[in-house]
Amino acid sequence: MDLEKSREQQAGEGCLVVALRMPVRIVALVLVVPLRMAWDVLVVVGRFLGDTVFRPVGRALVWVGRAVFVWPFVALWRWVLVPLGAALRWLGTVLVVVPAGWLYRWVLTPLGHALAWLGHRLLVVPSVWLYRWVLTPVGRALAWCGRGLLALASMLVAALATALYWTLRVLVVWPAHAVWRWVLAPVGRVLAVVAREVGEALGHAWRVAGHVSLAVGRALAAFFRWTVVEPARWAYRTVLTPVGHAVRDAVLRPLAEAARSVGRVTRDALRSVRATVRQVRQDVRRALVGDPGTAGARGDRDGMGSSRVVGRAGRPDSADQALIEP
């Protein structure tokens with residue numbers, strides 16, 4: 001169906017279209033392929049920069065803008081301007097609105113009523129009489145004269161317009177119509193055919209350039225993969241990984257074990273030093289002050305002895321008690 005439609009379209013097109021199509025498409029393809037490839041490169045670079053640079057920078061700038069401009073202004077509006085506005089509104093109501101209402105109600109309203117009554121009596125009534133008995137007859141007379149002058153002017157304008165119409169039609173419209181019909185219309189049709197073919201050629205060249213750019217990109221990606229990525233992967237897998245394992249098993253692990261053993265020995269030494277220092281400090285305190293437990297026990301024994309002596313002194317012996325009793 002598509003072949004039949006294309007054949008029918010080619011059969012219905014003129015020789016000018018067929019002669020212009022292929023050269024225009026070739027020139028458009030040669031001109032558009034570099035532009036399309038450059039456009040694809042710019043699109044890739046723009047996406048990379050947008051994902052890695054512009055978007056984080058934009059988010060940071062938005063946060064900084066909020067922190068520097070929005071939040072201070074919100075705080076200023078909420079905690080300064082709103083209370084100040086409420087206070088000013090209250091002051092305005094008390095100092096301006098209430099006195100102005102009182103002045104309007106008790107001074108300006110009666111004064112306005114008095115002025116309105118005076119104006120009605122001194123201006124409106126004489127003006128109505130003047131309009132009814134002086135201005136209305138004069139206006140009617142002037143309107144009748146104006147209608148006559150307007151009719152005369154209309155006749156003159158109509159005659160002048162008719163003359164100008166035929167003059168312009170004969171001198172401008174008919175030659176312009178002839179130029180349009182026999183010169184501009186054919187030239188416009190030819191230019192429209194050329195513009196359509198150029199547009200179709202550019203579209204076809206843009207699509208072909210897209211396929212070419214895609215193929216070039218895939219080829220460059222494959223070249224980069226087989227020249228950089230795959231050798232790097234092979235070197236990492238077959239050279240660096242065994243070397244790393246060997247270095248880890250032969251050097252790093254013994255060093256780590258040695259470091260751990262040194263740490264353990266150091267911790268044990270420090271622990272023994274701390275115990276020795278603590279024991280020496282206790283011995284020195286015991287030598288200078290004495291044992292706190294021994295001093296307490298000695299104090300308890302002294303207290304018990306004194307209590308026993310006091311008990312004996314306050315209580316008489318049994319022999320003495322027998323001599324005292326009758």
Side-chain angles (χ1 to χ4, degrees), residues 31-125 127-128 195 199 202-203 205-207 209-218 220-222 224-225 228-229 232-233 236 240-241 244 248 252 256 259-260 263-264 266-267 270-271 274 278:
L31 294 177
V32 169
V33 168
L35 295 177
R36 179 59 186 268
M37 295 181 68
W39 174 258
D40 293 336
V41 171
L42 290 176
V43 168
V44 173
V45 173
R47 289 178 180 175
F48 176 75
L49 291 177
D51 294 335
T52 57
V53 178
F54 295 139
R55 188 174 297 172
V57 171
R59 291 176 180 174
L61 290 177
V62 168
W63 187 86
V64 171
R66 288 180 180 177
V68 174
F69 296 103
V70 178
W71 295 340
F73 284 110
V74 169
L76 179 65
W77 170 262
R78 182 176 296 175
W79 302 109
V80 177
L81 295 180
V82 172
L84 183 61
L88 291 177
R89 182 179 62 184
W90 183 80
L91 289 176
T93 302
V94 173
L95 298 178
V96 178
V97 176
V98 174
W102 182 85
L103 180 65
Y104 175 77
R105 181 177 295 176
W106 301 108
V107 177
L108 296 179
T109 300
L111 183 61
H113 291 170
L115 292 176
W117 185 81
L118 290 175
H120 180 75
R121 292 297 180 182
L122 298 178
L123 295 177
V124 176
V125 174
S127 299
V128 169
L202 289 175
W206 185 261
R207 290 189 294 271
H211 292 292
V212 172
S213 177
L214 180 61
V216 171
R218 289 178 178 176
L220 291 176
F224 180 77
R225 178 181 178 183
V228 178
V229 176
R233 183 183 298 175
Y236 176 77
L240 296 179
T241 301
R248 181 189 62 188
L252 297 180
R260 282 195 291 271
R264 285 195 296 270
T266 304
R267 286 195 297 272
L270 291 176
R271 191 179 299 113
R274 283 197 296 270
R278 190 181 299 112

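Side chains are part of it too, since the values below use all heavy atoms of this structure and drop only hydrogens, waters and symmetry mates. Residue indices begin at 1 and follow the sequence shown.
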Q. Does CH2 belonging to Trp71 count more than 12 external heavy atoms closer than 6.0 Å?
A.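 Yes, because the 6.0 Å sphere around CH2 of Trp71 holds more than 12 heavy atoms from other groups.
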(Q) Please check if the number of heavy atoms outside Trp206 that lie under 6.0 Å from its CH2 is greater than 12. (A) yes
Return the [atom1] to [atom2] distance between [X] and [Y], rounded to the nearest 0.5 Å.
X	Y	atom1	atom2	answer
Thr266	Arg271	OG1	CZ	11.0 Å
Leu118	His113	CG	NE2	13.0 Å
Leu49	Arg55	CG	CZ	12.0 Å
Phe54	Leu61	CZ	CG	11.5 Å
Leu35	Trp39	CG	CH2	11.0 Å
Trp106	Leu111	CH2	CG	15.5 Å

Q: Return the set of residues passing salt bridge (charged side-chain N to carboxylate O under 4.0 Å, His left out) with Arg225 (not counting sequence neighbours), or none when no residue passes.
A: Glu230
Please report the closest heavy-atom contact between [X] and [Y], naming both atoms and the distance.
X	Y	answer
Arg105	Pro110	O-CD, 3.7 Å
Pro56	Gly50	CD-O, 4.3 Å
Pro72	Ala67	CD-O, 3.3 Å

Q: Give the intermediate values and the outcome of side chain to side chain contact (heavy atoms under 4.5 Å, CB included) for residues Val128 and Val124.
A: CA-CA 6 Å; Val128 169; Val124 176; 4.2 Å; yes
Q) Would you say the side-chain atoms of Ser213 pair up with the backbone N or O of Ala209, donor to acceptor, closer than 3.5 Å? A)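 Judged by distance alone, no pair lies under 3.5 Å.
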Q) Residues two or more places apart in sequence or in another chain: which of them pass side chain to side chain donor-acceptor pair (under 3.5 Å) with Arg248? A)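 Partners of Arg248 under the side chain to side chain donor-acceptor pair (under 3.5 Å) test: none.
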